[in-house]
Amino acid sequence: MSGTLNTPLSAEGARMSADEDRASLPEVEATPLVVDVEFIEVEEERGLPRLDAVDEISTARPRRPLELPRGAATPEGRARVVTVINQKGGVGKTTSVINIASQMALRGHRVLVVDADSQGNCATGLGVDKSRVSTTTRDLLLSPECAVDSRHATAVEGVHIIVGDRTLVGLEQEMLRQLGRERRMTEALAPLLPHYDLVLIDTPPSLGLVTINALVASDGIVIPVQTEYFALEGLAMLAGTIREVRGLLNPRLGVDGVMLTMHAPTLLNNQVAAEVKEAFPELVIEPPIRRNIRLAEAPSHGIPIHLHDPKSNGGLDYQKVASVLESRWGLV
Ligand SMILES: Nc1ncnc2c1ncn2[C@@H]1O[C@H](COP(=O)(O)OP(=O)(O)O)[C@@H](O)[C@H]1O
Ligand SMILES: [Mg+2]
């Protein structure tokens, strides 16, 4: 009877089925079609346009203050699990994961990096040839019991990695069919946690199921923010995701720190940095990570900045940021 599917309903037929529907469904409430927006501007007296109007627009603030709750303390006897996240690409997430992990290992902490991004740049930046790795983050999410055997040593003593790679592409579709799909990462990491001090998860530039898995498994998150325009808008979106995950899946989740990345001493960068600090005075980690070519070079040698050029601006900044995080994480 496939023919009937292609036959358009006659007007009469449509009316009849609408009538039937009306008989069986309750009345739909009228929807106000215009969103009731409250305007901030005060009506001006007619006359010449105000000269300070432009300034006012550029200093406009979102009306609702952004809320980023703090993460809960790490339970005794296990690693702190921290996701490095920002749904924007190219803001320094992977660079931060590689260098913070390395700094922590340098201070004697046992660190596991979990790369949940299909680009797999954590492996490269830590000296691991991902083409020769057979068990990856994809396997861990599909079969959590294989987590223990998915770990690999890296060029940095004290840092282990579970490698992310291209096979993560399309995984979210496959996971949709699985029960408990948001808790796969939590399940996988559980047996590893007593053996590490810190688990750092790198995420893709999206808020999909893999990222949700990372957030559900985490105690805290670190947000690298590039000091460019729209930084606060990006944070508002992320704050919404955190609120949802806290409400539905992981009430412990909170923010351990907001890092300012790729910072250059321009007027715009400084303005954005000041805005972010004003919005989250207790969360912003000082100093900002300066824009520094040595940080971009290091991954091509498969080493973090403290091995490539520890005295560079990037090397010094990551060292200081790691100190702040070390105490926030209760690792000192
Ligand atoms: N502070 C910095 N100064 C200069 N280049 C940087 C800095 N941080 C990161 N980069 C470079 O910028 C690019 C994007 O950084 P990356 O860490 O991969 O961002 P993300 O993981 O958020 O996409 C990379 O090529 C990286 O080497
Ligand atoms: Mg990345």
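Atoms within a ligand are numbered from 1 in the order they appear, just like the ligands themselves. Side chains included, hydrogens not; waters and symmetry mates left out as well; all remaining heavy atoms used.
- Considering backbone and side-chain atoms together, I293 places no N or O closer than 3.5 Å to any N or O of ligand 1.
- Residues that satisfy the side chain to side chain contact (heavy atoms under 4.5 Å, CB included) test with S312, not counting sequence neighbours, are N292, R294, I305, D309.
- Between the CZ atom of R246 and the CZ atom of R252 there is a distance of 10.5 Å, given to the nearest 0.5 Å.
- Closest to atom 3 (N) of ligand 1, if we only count protein heavy atoms, is N292 N, 2.8 Å.
- With 3.5 Å as the limit, one finds a donor-acceptor pair spanning the side chains of N269 and T266.
- P75 places a side-chain heavy atom less than 4.5 Å from the side chain of D219.
- Under 3.5 Å, the side chains of T74 and R80 contain a donor-acceptor pair of N or O atoms.
- Side chains of S96 and Y318: a donor on one and an acceptor on the other come within 3.5 Å.
- Contact annotation: for R290 versus ligand 1, heavy atoms closer than 4.0 Å belong to the backbone alone.
- Residue T94 has at least one nitrogen or oxygen atom sitting less than 3.5 Å from a nitrogen or oxygen atom of ligand 1, judged on distance alone.
- Remark: ligand 1 atoms within the under-4.0 Å shell around heavy atoms of I289 are 1 (N).
- Of all the listed residues (S96, G92, A296, C122), A296 holds the heavy atom that lies closest to atom 5 (N) of ligand 1.
- The closest side-chain heavy-atom distance from V225 to F280 is not below 4.5 Å.
- Donor-acceptor pairing under 3.5 Å is recorded for the side chains of D202 and T94.
- Donor-acceptor pairing under 3.5 Å is lacking for the side chains of S150 and T135.
- Atom OG1 in T83 sits 5.5 Å away from atom CG in L215 (nearest 0.5 Å).
- Under 2.8 Å from the Mg ion (ligand 2), one finds the following protein N/O/S atoms: T94 OG1.
- On a distance-only criterion, K93 and ligand 1 share at least one N/O pair closer than 3.5 Å.
- The nearest heavy-atom contact from the protein to atom 24 (C) of ligand 1 is T95 OG1, 4.7 Å.
- Residue V91 has at least one N or O atom closer than 3.5 Å to an N or O atom of ligand 1.
- The shortest separation from a heavy atom of G89 to ligand 1 is under 4.0 Å, placing the residue in contact.
- The side chain to side chain contact (heavy atoms under 4.5 Å, CB included) test with I85 is passed by exactly one of I201, V222, L207: L207.
- Nearest protein heavy-atom contact of atom 23 (O) of ligand 1 is G90 N, 2.7 Å.
- One option in Q119, M262, Q226 has a heavy atom closer to atom 13 (C) of ligand 1 than any other, and that option is M262.
- Protein non-hydrogen atoms do reach within 4.0 Å of atom 26 (C) of ligand 1.
- Taking CG of L171 as the start and CG of N213 as the end, the distance is 8.5 Å to the nearest 0.5 Å.
- Per-residue contacts place L295 under 4.0 angstrom from the following atoms of ligand 1 (heavy atoms of the residue considered): 1 (N), 2 (C).
- Using modelled atom types and a 3.5 Å distance limit, the side chains of H109 and E326 yield a donor-acceptor pair.
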